[in-house]
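Inspection log for the structure reproduced underneath, given as structure tokens.
Keep in mind the model is a prediction, meaning the values are calculated, not measured. Just so it is clear: chains get the letters A, B, ... in the order the sequence lines come, proteins before strands, and each one is counted from 1. No hydrogens, no waters, no symmetry mates; every other heavy atom, side chains included, goes into these values.
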Amino acid sequence: MEYDHREIEARWKSFWKENKTYQVSNDSEKPKYYVLDMFPYPSGAGLHVGHPLGYVASDIFSRYKRLKGFNVLHPMGFDAFGLPAEQYAIQTRIHPAVSTAQNIKKYHEQLDNIGFCYDWSREVWTSDPAYYKWTQWIFLKLFDHYYDKAADKAMPIDGLTERFAFSGNAGVQAATTQETIFSAETWKSWTPKQQDEMLMNYRLAYRKVSYVNWCEALGTVLANDDIKDGVSERGGHPVVQRPMLQWSLRTTAYAERLLKDLDTIDWTDALKTQQRNWIGKSEGAQLFFEISGSPVKLEIYTTRPDTIFGATFMVLAPEHPLVQQIVTPGQKKTIEDYLSYVGRRSERERASDVKEVTGAFTGAYCINPFNQQKVPIWIAEYVLKDYGTGAIMAVPSDDERDQAFAEKFGLPIIGVVDKSKYPGATLHDKTGVIYNSDFLDGMEVAEAIEMMLKNIEAMGIGSRRINYKLRDSNFSRQRYWGEPFPIKYDQDGVSHAVERLPVELPFMEDITPSPDGKSPLSRDASWVKMDHGFTRETDTMPAVAGSSWYFLRYMDPHNPDAFASQKALNYWKDVDLYVGGTEHAVSHLLYSRLWHKVLFDLGLVPTNEPFKKLINQGMIQGRSLFLQVGNRKIHVKIQLADDKDRLYRDKYLEMIQSDFRFEGIDANTEICWQKDEKGAEYAQLTMEVEKMSKSKYNVVNPDEVIEMYGADCFRMFEMFLGPIEMAKPWDTRSINGVHNFIRKLWALFYDVHTGASLWTNGEPDKDEYKALHAAIKKTTEDIERFSLNTCVSTFMICVNELKRLNCNKKKILQEFVVLMAPFAPFTAEELWRNLGNTTTVFDAKYPVADESYLKKDVVEYPLCINGKKRGEAMFSVDMSPTDIEAEVRNMAVVRKWTEGQQIRKVIIVSGKMVNLVVN
RNA sequence: GCCUCUGUGGCGGAAUUGGUAGACGCGCUGGAUUCAAAAUCCAGUGAUAGCAAUAUCGUGAGGGUUCGAUUCCCUCCGGGGGUACCA
């Protein structure tokens, strides 16, 4: 007889389904606990072994919390809108709605095979109209509100229009890019279209001109990801930056709160730091420079106004609107050439090629207000249009990028900060003494910055300004497979909310992008045209829209009248534990926090932050094999052990002929053959660890592993692989260790030959209890601190110990089942029955370690002299440090004792070591 | 480039607060069992020297703090993830 996982798992899966074991009620006396997984995007490839890593961990934690007496919400759903489904549809002519549904069905089966305790009655899909109705509804809240800086929260836009009609925008404190002041009369004199455009400067969801990566040949907008070396990855066509009118979210309005509230949540410091850097708060000055021979002024942003005397040139972002106005006729050609070069470069390329300095001179000059010097104005791609004012004053003596630029173009460098007082300080540090700077000479940097800020304000040429790297997020996609915007335009082009939600995505046969760059939806004239001359917005929302609030829908997933009832929201409140990958660390989490804060401002959710605690699981990587073909390496799939890095010609040909699993190349591919010592031809295979992906042929499917070893084994092995938060490569070869463990566990309770039960009902003895309580103590600690790999080790040690003691007492079993439950729904039916009424499985209490079994009487202390181990000594545990010291002095056990050595100090370390410091 | 994490035996990893580095598992070696193999069980397994007791070295590289550093600090090198339209 052997442990038969197939039979056991099938039985329990149907049992759970029939008994709705995992269904969670919103009405409970118990305290709530909400454990959330980042829901998957259902791709055609199905789940690979990397996906369930976080799911297994959160499942263990959910079960643990249930055993601790909490009412645990642990739901799952699908992030079903997105680009891959759309691209798959374009290739295969299968509609994304169809392929997505198929994929979800597959994901469902795969997830159920692993035995998660999800409450599937709460499942949501972001592509379901009943769901995205509320995505659109929340979008309209963003559209209908602006950020009031005085109240420090979102406020209705209606209040703002009333105020405009009453007193114009003077004194309105709002998050806006609008800086000119208009009166009530002006406001009233405007056409509805003009008023609408003005309001776009205030709304939290608004339309503005943004730049996109435009590929003329493909007739579509591309992601940065789709661009390699300035051309499209697919086809190698040129890509240019093209302005388009698009929806954006005023993320910047919430920058300060998004930053400040990080202090209130329990996330890792690494993740918080990443979010802080993304928000990128900096304090400095906004400063206006006169431009010679021009009425317009140049506005720059700097964090170092103290270095203005070292500013030898100005740099504008190439897209800066002033460029066309100030360029001199003599420089027009140079600038245009440069602009067309920049237009071909993606944002990421511009940011990463720092070594190569490029730029062009506009021919214009501005005046330094403090010394009346003429300063040349350049444009360069290292200045970004979206950060600060898109213009900087360059101080080559104190900024590395400015320095490189000055050296390349022969611009003067004037030193203004003396750092000799601060050895080791980098250029970036705000330390040093100012020189060459008129009235600032001799001041410390901090003092000089303050002085300059005061001067700038007094002279009326600028002001203090807090700046954020965070930009307003582009929220439009010219795609089909996403939520349509609930927005319509009248004949004058004025935007209005659509009253009846949801605005359903119309079915379209052909969803290829339109050659004019518009969304495919624009081709469905019957959908675009509405009554009374209204037309619909044809862009769709990005995939982050649906995932920005899905955790709220799980609380009350079928509610037709609200995104969730107030009762459900007040019971579940927020997510207690959120588990997900680092790849979402910035964008998804920032969007979710933003949406949540808006909903909080409107009184629609009870908490300010959505995710109290967050654990980032690391990626499980695949091992990719590469074969040299021509002068490049290509991914291949081949059944070989990892340590085989050569592939012999005969073998290769045999593989091709026998249709062996050798994907990625065909028989005609020109492989680079080399000769070994004996003259046999071989090809070199190289292995690299990288993200699992279908195209890299390195995906491991969990179904195969589960079929062979069982779900419990799979789950434990995933945990055993390594720390949850770390990236690690998958290696199926060592799974038999965990498999052996489970079989050993089974064999504790059943006769391997006959299958008969071995249980006895006697009271366990002291040693048996000791093994058990040691395991309970350690596993509790391990689960609480999310160290699940060591938790598995602890189980193994405990089972080995019980096996050594030949223990099969029923009492131990009962507690052990409960202990075991976090890892697996226990697989032997008799053990389940042992818990009594099966429907109350989760009312069982997690056992608490009894310290009385764990006490030690005597401790063996290693004796160290100056940190080097020199022998051992036994002391009783209740001896005080003073007693131990006295004992050590009297001891003759210390070997290697040199004549004349004197004990200077006795250090007792953590009660397990004595260290003598001698001289 | 920038941000962030990470580096420990042949391999995955452990060491929870600065205190006996290498738990647990894989793999490997030897033995038991077997006609034989699989499976199972027992023993060994960082490196070097030694029959052995033991000694020296050893946590990416180099430096520092400390009686004591895988752990804290500085510099450098390698790998992973993110970088705003992949999700």
Picking from B/G81, B/A87, B/G13, which would you name as closest to the side chain of A/P723? B/G13
Centre of A/Y206's six-membered ring, under 6.0 Å away, within 45 degrees of the axis: is that where NZ or CZ of A/R250 sits? yes
Measure from the ring center of A/F795 to the ring center of A/F741 and say whether it is less than 6.0 Å. no
Does one side chain, of A/Y88 or A/N103, offer a donor that lies under 3.5 Å from an acceptor on the other? no
Does B/A23 have OP1 or OP2 under 4.0 Å away from a side-chain N or O of A/N789? no
Please determine whether a side-chain nitrogen or oxygen atom of A/N616 lies at a distance below 4.0 Å from atom OP1 or OP2 of B/G82. no
When you check the glycosidic angle of B/G9, does it come out syn, meaning within 90° of 0, or anti? syn
A correct 5'-to-3' footprint of nucleotides 2-7 of chain B, with B, S and - meaning base, sugar-phosphate only and no protein heavy atom under 4.0 Å, is -SSSS-
How far, in whole Å, is B/U56 from B/A21 if one measures between their P atoms? 13 Å
Aromatic centroids of A/W730 and A/F717 separated by under 6.0 Å: yes
I'd like the C1' distance from B/G7 over to B/A14, given in whole Å. 16 Å
Interatomic distance where CZ belongs to A/F741 and P belongs to B/C26 [whole Å]: 12 Å
Expressed in whole Å, how much space separates the C1' atoms belonging to B/U6 and B/U59? 14 Å
Any donor-acceptor N or O pair under 3.5 Å, side chains A/S519, A/Q478: no
Roughly how many Å apart are B/C11 and B/C85, using the P atom of each and rounding to a whole number? 41 Å
Which residue is it: A/V239, A/V221, A/V240? I am looking for the one with a side-chain contact (heavy atoms from CB on, under 4.5 Å) to A/V212. A/V221
Test ring pair (Phe, Tyr, Trp, His ring centres under 6.0 Å) applied to A/Y131 and A/F81, A/W125, A/F39, A/W549, the passing residue: A/W549
Whether A/R593 engages the ring of A/W267 as a cation-pi pair (distance to the six-membered ring centre under 6.0 angstrom, angle to the ring normal within 45°) should be assessed. yes
For nucleotides B/U45 and B/U54, find the distance between their P atoms and express it as a whole number of Å. 13 Å
No-hydrogen, no-angle side-chain donor-acceptor test under 3.5 Å, A/T790 and A/S787: yes
Taking only the C1' atom of each, what is the distance from B/G60 to B/C5 in whole angstrom? 16 Å
Closest of B/A87, B/A15, B/C85 to the A/A543 side chain is B/A87
If the cut-off is 4.0 Å, is A/R785 near the phosphate of B/U16, judged by side-chain N/O to OP1 or OP2? no
Which string of ( ) [ ] | and . matches RNA chain B, if you list each base 5' to 3' and count Watson-Crick or G-U pairs only when both distances are under 3.5 Å? (((((((..(((......[....)))((((((.......))))))((((....))))..(((((..]....))))))))))))....
Between B/U40 and B/A49, how far apart are the two P atoms, rounded to whole Å? 35 Å
Verdict with reasoning, A/E781 to A/R785, per salt bridge (charged side-chain N to carboxylate O under 4.0 Å, His left out): CA-CA 6 Å; A/E781 286 167 5; A/R785 69 189 174 99; 5.9 Å; no
Where the side chain of A/Q246 is concerned, which of B/C24, B/G13, B/C85 is the nearest nucleotide? B/C85
B/G62 and B/U71, which share atom name P, separated by this distance in whole Å: 13 Å
